[in-house]
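Shown next, in structure tokens, is the structure this report addresses.
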Amino acid sequence: AKEAGRNQMILFDEELRAKRLAAARTVHRLREAITRDEFLVYFQPLVRLADERIIGVEALIRWQPAGESMVPPDRFIGIAEDSGLIVPIGAWVLRESCRVVSGWHRRHGTVVSVNVSPRQLREPDFGLLVLDVLRTSGLPPEALILEITEGVLVNSGKVTEQAISHLGMLRSHGIKVAIDDFGTGYSSLAYLRDLPIDNLKIDRSFMPTPGSPDPAAQTLIKTIIDLAAGLHLGTIAEGVETAEQVVLLRDLGCDRAQGFFYSRPVPEADAARLIQDSTTA
Ligand code: C2E
Ligand code: CA
Ligand code: CA
Ligand code: CA
């Protein structure tokens, strides 16, 4: 048994080493990807449930290494965060998204939601970066939503002052803030009252299972929507895949929705067409 234990330990050691090596390789390739311009932004439509028109988009990064298949964000965002590379990569996503959407905003009033990682909000210059991006892109502050996770604001029970001060400053300029994946973190409720936020994004794990009434899921969604309403926050449902889910969300008073039911994240040209069709229909 002792022998087996030792072998297990060696195996574990090797696994760990292999993992570290793979991560180090990814860091190296991400550095190259920045200089080679291998990132893209895809856009997923954000629909207003009252009339089902596209009123915005969420910007979602894609990595397309030359001659290889596209790498999904889940495979590199974590590594980019750990290595700090999310700072330049995230700044690029912000600039690119605001540049693209400023044109759509002029024509159709489209807003854009951009994911911001905790690491970015720890940078002393983050607030200035956002203001500079808005100035150069011409996108008005009211048309930008920053999506953050609960962990950004509340870290092991402690509110992160740097993040709060960035977001407070940006909100005083009119920029909106949304809590992403709401309901999947822990300590949120006590802080919701005082945090500088405008919207809750209901995590996709709360969507009722298609084809079943799923009363527990319905109760949870209703509770989140009522909570948001009581705090004067907007609600965005993510991961909406069926017409039944749309009906339920609208009945419960949810403001906006996004998901495969309306559209997958798509390249710029396709998003432009969807927005055009939606606003002239
Ligand atoms: P997220 O911010 O929660 O984004 C929503 C994810 O759900 C996207 O995955 C989207 O494609 C997917 N999704 C949308 N509608 C549906 C649906 O109806 N059903 C299902 N099953 N999935 C749906 P994606 O694009 O692979 O992004 C994964 C995560 O990577 C994002 O989750 C976000 O946390 C992160 N991410 C993406 N882009 C960025 C970025 O520019 N910066 C940072 N920091 N993180 C990013
Ligand atoms: Ca998001
Ligand atoms: Ca989310
Ligand atoms: Ca997520």
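Under the 3.5 Å distance criterion, the side-chain polar atoms of T160 are left unmatched by any main-chain donor or acceptor of Q162. Checking side-chain atoms of Q44 against main-chain N and O of V57 turns up no donor-acceptor pair under 3.5 Å. Side-chain N or O atoms of R53 include one that pairs as donor or acceptor with a backbone N or O of S278 at under 3.5 Å. In this structure, the side chain of S102 does not engage the main chain of G138 through any donor-acceptor pair within 3.5 Å. Using modelled atom types, no side-chain atom of D180 and backbone atom of E147 make a donor-acceptor pair closer than 3.5 Å. Remark: side-chain polar atoms of T242 are paired, donor with acceptor, to backbone N or O of Q245 under 3.5 angstrom. A donor-acceptor pair is defined here as one N or O able to donate and one able to accept, closer than 3.5 Å; such a pair exists between the side chain of R250 and the backbone of L49.
Residues forming a side chain to side chain contact (heavy atoms under 4.5 Å, CB included) with T219 (at least two apart in sequence, or on another chain): T223. Legend: residues meeting side chain to side chain contact (heavy atoms under 4.5 Å, CB included) with S117, ordered by chain and number and at least two apart, are E81, I86, R119, Q120. Remark: T209 engages S212, D214 in a side chain to side chain contact (heavy atoms under 4.5 Å, CB included) (not counting sequence neighbours). Under the side chain to side chain donor-acceptor pair (under 3.5 Å) criterion, S97 pairs with no residue, sequence neighbours left out. For R107, the side chain to side chain contact (heavy atoms under 4.5 Å, CB included) test picks out W104, with sequence neighbours left out.
The shortest side-chain heavy-atom distance between L248 and Q218 falls under the 4.5 Å cut-off. By the 4.5 Å heavy-atom criterion applied to side chains, L85 and F76 are not counted as neighbours. The shortest side-chain heavy-atom distance between V41 and F43 falls under the 4.5 Å cut-off. Counting only heavy atoms from C-beta outward, the side chains of I145 and V112 never approach each other to under 4.5 Å. Using a 4.5 Å heavy-atom cutoff, the side chains of V130 and I175 are in contact. When side chains are defined from C-beta on, V177 counts as touching I148, because their heavy atoms get closer than 4.5 Å. A 4.5 Å side-chain heavy-atom check between T184 and S205 finds at least one atom pair inside the cut-off. Side chains of V47 and I54 form a contact here, defined as non-hydrogen atoms less than 4.5 Å apart.
The CG atom of L200 lies 10.0 Å from the CD1 atom of I225; values are rounded to the nearest 0.5 Å. In this structure, the separation between OG1 on T149 and CG on D181 is 7.0 Å, given to the nearest 0.5 Å. Note that CD1 of I164 and CD1 of I197 are 9.5 Å apart. Values are rounded to the nearest 0.5 Å. Within the model, atoms CD1 of I202 and CZ of F182 stand 9.0 Å from one another, a figure rounded to the nearest 0.5 Å. Interatomic distance, CG of D255 versus CZ of R48, reported as 10.5 Å (0.5 Å rounding). Taking CG of D251 as the reference point, atom CD1 of I221 lies at 11.5 Å (rounded to 0.5 Å).
Cluster membership check: V247 does not share its hydrophobic cluster with L220, using side-chain heavy-atom separations under 4.5 Å among Ile, Leu, Val, Met, Phe, Trp and Tyr. Cluster membership check: L249 shares its hydrophobic cluster with L233, using side-chain heavy-atom separations under 4.5 Å among Ile, Leu, Val, Met, Phe, Trp and Tyr. Linking Ile, Leu, Val, Met, Phe, Trp and Tyr residues whenever their side-chain heavy atoms come within less than 4.5 Å places L227 and M207 in a single cluster. Linking ILVMFWY side-chain heavy atoms closer than 4.5 Å, directly or via other members, places L128 and L134 in two distinct hydrophobic clusters. Under a hydrophobic-cluster definition in which Ile, Leu, Val, Met, Phe, Trp and Tyr are linked whenever side-chain heavy atoms come within less than 4.5 Å, directly or via other members, L146 and V111 are assigned to different clusters.
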Could you pull out all donor-acceptor pairs under 3.5 Å where a side-chain atom in residues 259-267 meets a protein atom, sequence neighbours excluded?
| from | atom 1 | to | atom 2 | distance (Å) |
| --- | --- | --- | --- | --- |
| Y262 | OH | E52 | OE2 | 2.5 |

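Counting only residues at least two apart or on different chains, no side chain to side chain donor-acceptor pair (under 3.5 Å) pair has a member in residues 10-21. Identified under the salt bridge (Lys or Arg N to Asp or Glu O under 4.0 Å) test for residues 216-229, with sequence neighbours left out: K222-D226. Among residue pairs with one or both ends in residues 107-131, those qualifying as ring pair (Phe, Tyr, Trp, His ring centres under 6.0 Å) are F126-H166; sequence neighbours excluded. Legend: salt bridge (Lys or Arg N to Asp or Glu O under 4.0 Å) pairs involving residues 37-46, not counting sequence neighbours, sorted by first then second residue: R36-E38. Here salt bridge (Lys or Arg N to Asp or Glu O under 4.0 Å) pairs that include residues 87-103, with residues two or more places apart or in two chains, are R95-D132, E96-R99.
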Residue pair I89, F39: steps toward the side chain to side chain contact (heavy atoms under 4.5 Å, CB included) verdict: CA-CA 9 Å; I89 294 172; F39 296 110; 3.8 Å; yes

Carefully, step by step, assess R171 and D198 under the rule salt bridge (charged side-chain N to carboxylate O under 4.0 Å, His left out). CA-CA 9 Å; R171 282 181 80 238; D198 306 279; 3.0 Å; yes

Derivation of the side chain to side chain contact (heavy atoms under 4.5 Å, CB included) call for V116 and L121: CA-CA 7 Å; V116 175; L121 275 162; 3.9 Å; yes

Quick one: do R256 and I55 satisfy side chain to side chain contact (heavy atoms under 4.5 Å, CB included)? Show the steps, please. CA-CA 9 Å; R256 302 170 178 187; I55 48 93; 3.6 Å; yes

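Atom NE2 of H28 has 12 or fewer neighbouring heavy atoms from other residues, nucleotides or ligands inside a 6.0 Å radius.
Taking every heavy atom of both residues into account, T235 and G253 meet most closely at OG1-O, 4.2 Å. Closest non-hydrogen pair, V101 versus T110, comes out as CG1-O, 3.8 Å. Minimum heavy-atom separation, W63 to A33: NE1-CB, 3.4 Å. Residues H105 and A143 share a closest heavy-atom pair of CD2-CB, 3.5 Å. The minimum heavy-atom distance linking A59 with V114 is given by the pair CB-CG2, 4.4 Å. Scanning both residues, Q258 and P45, for their nearest heavy atoms gives CB-O, 3.3 Å.
Within the hydrophobic cluster formed by Ile, Leu, Val, Met, Phe, Trp and Tyr side chains joined at under 4.5 Å, directly or through other members, M70 is accompanied by L40, Y42.
Checked by atom type, the side-chain pair N115/E58 shows a donor-acceptor distance below 3.5 Å.
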